[in-house]
Each structure stands twice: as structure tokens, then as C-alpha cells.
Amino acid sequence: MLSRRHFTGLAAAAVATPFVRAGIQSAAAHPETLGFGSAYDACPPDPTAVVLGSPGFEVGADATQALQSAVDEASRRGIANKLGDILGGARDFPLGDGGGVVFVPPGTYSLSAPIDVHDSVRIIGFGRRRPRFVLAPNSPGYAGSVPRDVFSFRRRPVGGPVSYANNDTFGSGLINVDVAIGPGNPRAIAVRFGGAQLCLLQDLDLDVGDGWAGIDHNANLIQRVRVRGGAVGFNAYAASAGWPTTVLDCRFTGQRETAIRTNNDAKLVLVRTVLAGVPRGVECVPAQFLHLYLHGCVLEDVAEGIVMNDSDQLPGATDPRIRNSNQLNLVNSVVRRTPTVLTLAQSGRRTSARDGGIDLNYGLRITDALSAREARAEGVAMSQRTPDRDVLTTDVPALPSVSTWVSVADVAARMGRTIGAGGDDLPVFQAAVDRHENVFVPIGEYMLAGTLRLRQHTNLIGLHPRQTWLRTPDGTPYFGDPDRPRALVETPLGGRNIVHGLGLDTARNTPGAVNISWRSERGSYLADIGTQFVKWHPDDVPGGDPGYTYKGKHKYGIWVRGGGGVLSNIWSSNGWADNGLLVESSSVPTSAYELSIEHHQHREVVLRQVSGWQFFGLQTEDHIYGWQSQAVELDRCQHLLFANSVLFRVATVLGPYPYGVGLRNCHDIVFRGTRGYRDKTPEFTQWGAAVTDVRSGRSVPDPEFAVLTIR
């Protein structure tokens, strides 16, 4: 976590500072705080999931066919229930995206061919020891000239061609399993990852051995994943459709070529991640710019830490927007036995470092922005110091043991009630959270005609935000007044809560509805959350483009009131709301990982009187009619960090917007890495300015930069 000293000092460093002799730290000074064990110690009580090994999905000596059949059945159930339907028939996609959950019991399973993980299907292992999939030695097709995957995230529309996951793929996951590649499979990839929002690789050990790569391509969140061996640990690209990817609490060790290789326009955020025992930690392929941010990371026994292209040697580098798209930030991190931290490939310039703490950046640095002292510099800036002892200490809470979960369906049965059948399920849900600390919500659709209020230590847990929905009945008077907003789910001020794996839908004719009111304290966790998917469009546009007819008048999406903690893998796309994420009056130290806030009419992210928040991999998006939507608004804020943000405007927007980030009465704001430029219709897709002080009128016009500090 960055202290105030880091915000005002290290983050603002615009010129290289001399080496400071740092005390050499042993590995014991940065102990592992993660057990990397099983995240689900027992089978979650969800009768709608498909269980590998159950009747119809029996496993023989080779589990390939049984596992694929289980994934196919989960997808079929999702198509039938339409709970994951997003596109609604638009863009020639049929109704129903499929999706569901496959549970895998503990054990070792042999595979001999790829497993297609269809759109919105999640494979989740359970048991005191995670289940393990092993690609059998010398499996057919894994020794040729083309890399071949073991698990592959796919898009499979009904009646349409099967393709790799793309920007119409949501909610897929490979969770809490291990994958090992047996000998004789030199072109094997453990996982071909992909997707647009809410996609996960989580709690995995990938033992690649003599295979080619652990992870190929990327989607949203890679968390608590260890990759051992292989030629490449992670072969990274721009996540579909150009989003950032967050690599959180991961380990890459023993690769033959490089731990991470970045390809076209990769935008990576690495937090508390170790790269060790490799020739290169991160390398960028030739002719590509790179958006790379590392925070609290350790590079150990790495010959060349980071290898990237010289900014002035990139194709099109005479355009400052292209040149400044090459961005590196290495923040509050540690190097050990890594003699060269940064190598610039074309010039051969090398930046060396001694063992210890390090802060380094490369690219355009804008300091004292929006003031008379504003200055610009380019190139490498580095400082060294004694590292923080807790650099690898995670701030992400663990889910409680599955053995302590109580299913809301069991509470309903004891009450003699039926839930998920269209009636008001709020009395059952409220009884469940009043009586039990850890409440599990199975896949289904549940109607809440009022606010579900959690207690101080209530945890509300689902496993799939595109298949597990809490919905507001349409037209409910309780949610009718936009000037008296009421939440579908509310946590208490100062609570310590987990809300996980749920979809929240506030319906249409409910202008006073809020998806969630979050007031929980430090140590709380709001994660894997989706809202209803609606693109805003004006009243004079008929329905059908892009496929939605409702034009609502809501004010609120996700509303944080005095709370914080950890927010992770959230997709707020309820476009009729005035904003997607509103944070007010919060000084709770907060880390926000991989938030996607999209499609809102006026503003995507709004912060008012907020301090001590860090955003890692924030992504916002306007759309065809939402061209007058501001990406971020800051009002009376201080001590904020935005790391590798993607403030995106689609190619079809109908007009320009003067700035991406507007602020008033703010100080100690740091942006480290940003994407605010596209070469498609740049007169519309590039922000008029990156940041503007709306009171003074001062602006920073540069849409791309490595560091921007506002004192």
C-alpha cells in the first residue's frame, strides 16, 4: 500500500535520483502471506451446478470426454434459463449466452485433448486439496508447430461458429484447480484465457514443465496463480476489447525464456507478484508499445528484469501520442540478484540496480500538473531505498470455509417457503442474513421488493454473477423516488462484510433504486459483481440499436457511502444510471482491482471527499450515444492513485468530450500510466484533455503518459 510519503514523494519523482545504499533483505524479510491452498474446502451447496463424476459425467482413465460433457451441460442449462443473457438477440446473436458452474471433486484427472470452456461457464474445484488435471505424456497434437491449449476459453453462440473468447464473452472462469503438463508436450499451453468482463483465472497452480506456456492471451483478473516452468509463463495481449488485465498475488518461476511476454498493446497491472529464476521478467515483442505497472512486486534471480522497446524507435513514434503510449511504472517493489532492471531493446541502454527497494518509471512524466510549476520530462527515472517489509502481504480477504456456508434455499425450506419462483424473496433472504454469518446464494433469479440489509459481519456469497441474480420487481413503489435512493443490497456503516459472486439488477421503472449501498469498513470485500447490462440512448432514438428499448432515469449504480476495503472484478454497466460508481465521504484505505464502469449517460466514476483509495486497472467506456459521458469526476479528494487506467471511447461515438478526468479542490492525486487515445476517429475517441481543473480551467492535453502528479 502506498503511504502519503509515497504519493507526495516517490510518485512525483520526475528525474532520476542517485542510488541510495539499501540494506540487503533476505527472503525471510518478505515472507509469503498466502497459503496458495484450496479456496473451497468442500462442495458448495448448489444443486443447479454440474458435478464431474456424477451420473452421466462419470470419469474413466481419461477424463477428457466427461469434463467436456459437464461443461457442455452447464452451458446448455444456462441457455435454457437465460440468466446470463446479455446481448438480448442484438448483433445477430441468439438469446441466451449459456453459462453455469461445473464442480470438480478432489483427485487427479488425466486429459488428452483440449477442454473448451464455453462462454460464461466456470469450472470450480473443491476439496481440502485442489483437484489436479494432468495432460497425459505425449498427447496427440501437442508436439507440432502450433501451440495447443489444454483449457481454452471459448465463445459458442447457439447456431453460430465456435471461436476463441472475445468481447462478447462474460463471466467465464477456471477456479481452484491445478493443471500439470506431462512430458512430450512441447507446444502445450495450460490455459488459453480470454473474455471481456468478469472473467477469472483464480487459485491455480500451473506446472508447465517442458510445455510452452502457462497462460496464453488474457481477460480480466488473474489472482493467486502460480506458473512454474514452460518457455513463457504468461503470453499477454490486449484483453478483449482492449482492456487492462490485473495480475494479483501471483508467482512466475523457472521459465526458460521469460516469465511474461507482452504482445499487441498489452496493458498489465501486476500487484504483489513474484518473477523469479528466469532469464527475463517481462519482455515486450518488437515494434509494440507497452502499458506496464508493477506494484509491490519482487524480481529475484532475473538476468534482465524488464525488456521493452525504446519509445522513439516505435513505428509512428514521430506522433507523440504513439511515443507516449510506451509506459512503465515499477513502484514500491524489490529486486534481488537482478543486475539489470530495465533494458531498452533498440538502444541497448541498461538500468542497473542493487538489491533492495526500487521505484522506476519510463515514459512521459508530468509533474506539478495544473499549476504554474508544471513540468515534463521523458526517459528513465529511478530511486532505491530500504524496501517495505510487508511488500507481499495481501490485502484481499479470504472467503470463509465452505463448511460454514448456509444456503438461503435451506433457510427457505425451514421456513416453509419457496424462493426463486417469482414472488418476493426478501423475507427469506433477510431471515438468512439475520440468523447466519455466511449465507450462500445458489444459481437462480431472486426477487427482492425492498432492501436486503446485512449485519455487521454478514457475508453474502454467490459463485457466478451472470447466473446468480438479485432483482428488483419492476415498478415497485419502494424504489420509485430518485430523490430518496434505496439500495437493493445495503451493508452497515463500519461493517466487515464480504459480498461476492452476485448479479444485481434494479429493473426498469425503479428510478430510486441503487444496485448496492456499500458502507463496510477496512477488511471488507466486494468482489465478482455484475449489474444489469443496459446501454443508454436518447429519447429520440428508437429501440433496437443496440437492441434495448428502455430509457430509464436512475441516478445511482454502485454507491459507496463512507465505506471501502477491497473492491475487485466489478462490472457496472447499468447505463441508465447517472453514474456507474459513486464514492462519497470515504477515508477508508481501499484497493480497487480491475473495475469496469461503462455506458452511463453523464459520468462513469464519481469520487466526492475521498482519500486513500488506489485504483488498479480501472476501465471506463463510452458508447455510440454516450459520447457526453465523463470518465472520472473528482471533487474535494486527496491521496488517490490511479494505476494503468484505460479511459476508453469506442470508435462509434458521435462527438468529442473536452476531458477524461475533471477535478476540483483536489490534491495529492497520482496517475501512473493511462490509455486515453485511439487512432480510430481520433477527433472523437481521444479526450480533448486528459485532466482538467474545472475551476481554474487548466488542463493537461496529453492523452498518454507514464506519470502525472497533482500536488
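The structure presented is a predicted model; accordingly, all values stated were derived computationally and were not measured.
Ion pairing between Arg519 and Glu490 fails under the 4.0 Å rule for side-chain N and carboxylate O. With respect to Asp41 and Arg128, no salt bridge is recorded, no charged nitrogen being found less than 4.0 Å from a carboxylate O. Salt bridge Arg122/Asp528: present, at least one basic N to carboxylate O contact under 4.0 Å. The pair Asp149-Arg192 fails the salt-bridge criterion, with no side-chain N (NZ, NE, NH1 or NH2) lying under 4.0 Å from an Asp/Glu carboxylate O. Taking the charged nitrogens against the carboxylate oxygens, Asp119 and Arg154 have no contact shorter than 4.0 Å, which rules out a salt bridge.
Between the side chains of Thr458 and Asn497, no donor-acceptor pair is found at a separation under 3.5 Å. No side-chain donor from either of Arg561 and Ser585 sits under 3.5 Å from a side-chain acceptor of the other. A donor-acceptor contact closer than 3.5 angstrom links the side chains of Trp613 and Ser586. There is no side-chain donor-acceptor pair under 3.5 Å between His600 and Asp622. Using a 3.5 Å distance cut-off with no hydrogens or angles, the side chains of Gln467 and Ser120 do not pair a donor with an acceptor. With 3.5 Å as the limit, one finds a donor-acceptor pair spanning the side chains of Gln197 and Ser596. Side-chain atoms of Asn515 and Gln532 form a donor-acceptor pair, as typed in the model, at a separation below 3.5 Å. With 3.5 Å as the limit, one finds a donor-acceptor pair spanning the side chains of Asp395 and Tyr593. Judged by distance alone, the side chains of Thr394 and Asp249 do bring a donor and an acceptor atom under 3.5 Å apart.
No option in Asn569, Thr246, Thr245 other than Thr246 meets the side chain to side chain donor-acceptor pair (under 3.5 Å) test with Glu594. With respect to Leu470, the side-chain contact (heavy atoms from CB on, under 4.5 Å) criterion is satisfied by exactly one of Thr506, Ile516, Leu460: Leu460. With respect to Ser629, the side chain to side chain donor-acceptor pair (under 3.5 Å) criterion is satisfied by exactly one of Glu621, His602, Glu604, Gln601: Glu604.
In this structure, OG1 in Thr491 is found 12.5 Å from NE2 in His457, a value given to the nearest 0.5 Å. Going from atom CG of Asp578 over to atom OH of Tyr556 covers 8.5 Å, rounded to the nearest 0.5 Å. In this structure, CG in Leu200 is found 5.0 Å from CD1 in Ile175, a value given to the nearest 0.5 Å. Between Ile443 atom CD1 and His464 atom NE2 the span is 6.5 Å, to the nearest 0.5 Å. If you take CZ on Arg132 and CG on Asp178, they are separated by 6.0 Å, rounding to the nearest 0.5 Å. Taken from CZ in Arg471 to CD in Glu445, the straight-line distance is 4.0 Å, to the nearest 0.5 Å.
Within the 3.5 Å criterion, the main-chain N or O of Ala487 finds a donor-acceptor partner in the side chain of Thr451.
For Arg129, the CZ atom counts as loosely surrounded, since its 6.0 Å shell holds 12 or fewer non-hydrogen atoms of other residues, nucleotides or ligands.
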Worksheet item: For Phe193 and Phe151, what are the C-alpha separation, side-chain angles and deciding distance, and is it a ring-ring contact (aromatic ring centres under 6.0 Å, His included)?
Response: CA-CA 8 Å; Phe193 193 28; Phe151 287 90; over 10 Å; no
Practice prompt. Apply salt bridge (charged side-chain N to carboxylate O under 4.0 Å, His left out) to Arg155 and Asp168, showing your working.
Written response: CA-CA 8 Å; Arg155 170 71 178 155; Asp168 288 321; 5.4 Å; no
Item to complete: For Arg608 and Glu584, run salt bridge (charged side-chain N to carboxylate O under 4.0 Å, His left out): C-alpha distance rounded to whole Å, both residues' side-chain angles, the deciding distance at 0.1 Å, then the answer.
Response: CA-CA 5 Å; Arg608 297 173 182 154; Glu584 295 184 308; 3.1 Å; yes
Item to complete: Report the C-alpha distance between Arg496 and Glu521 in whole Å, list the side-chain angles of each, state the deciding distance to 0.1 Å, and finish with yes or no for salt bridge (charged side-chain N to carboxylate O under 4.0 Å, His left out).
Response: CA-CA 6 Å; Arg496 191 181 179 98; Glu521 191 42 87; over 6 Å; no
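Ring planes of His623 and His599: perpendicular class, angle over 60° (limits at 30 and 60°).
Considering all non-hydrogen atoms of both residues, Gly422 and Met447 come closest at O-CG, 4.0 Å. Nearest heavy-atom pair, Asp474 versus Asn509, reported as atom, atom and distance to 0.1 Å: OD1-N, 2.6 Å. Across Ser38 and Gly127, no two heavy atoms sit closer than the pair OG-O, 2.6 Å. Scanning both residues, Gly501 and Thr468, for their nearest heavy atoms gives O-CB, 4.1 Å.
Counting only residues at least two apart or on different chains, no ring pair (Phe, Tyr, Trp, His ring centres under 6.0 Å) pair has a member in residues 472-520.
Outside the 6.0 Å centre-distance limit, the rings of Phe153 and Tyr164 are not counted as a close aromatic pair.
Residues satisfying the side chain to side chain donor-acceptor pair (under 3.5 Å) test with Asn438, not counting sequence neighbours, are Thr404, Asn459.
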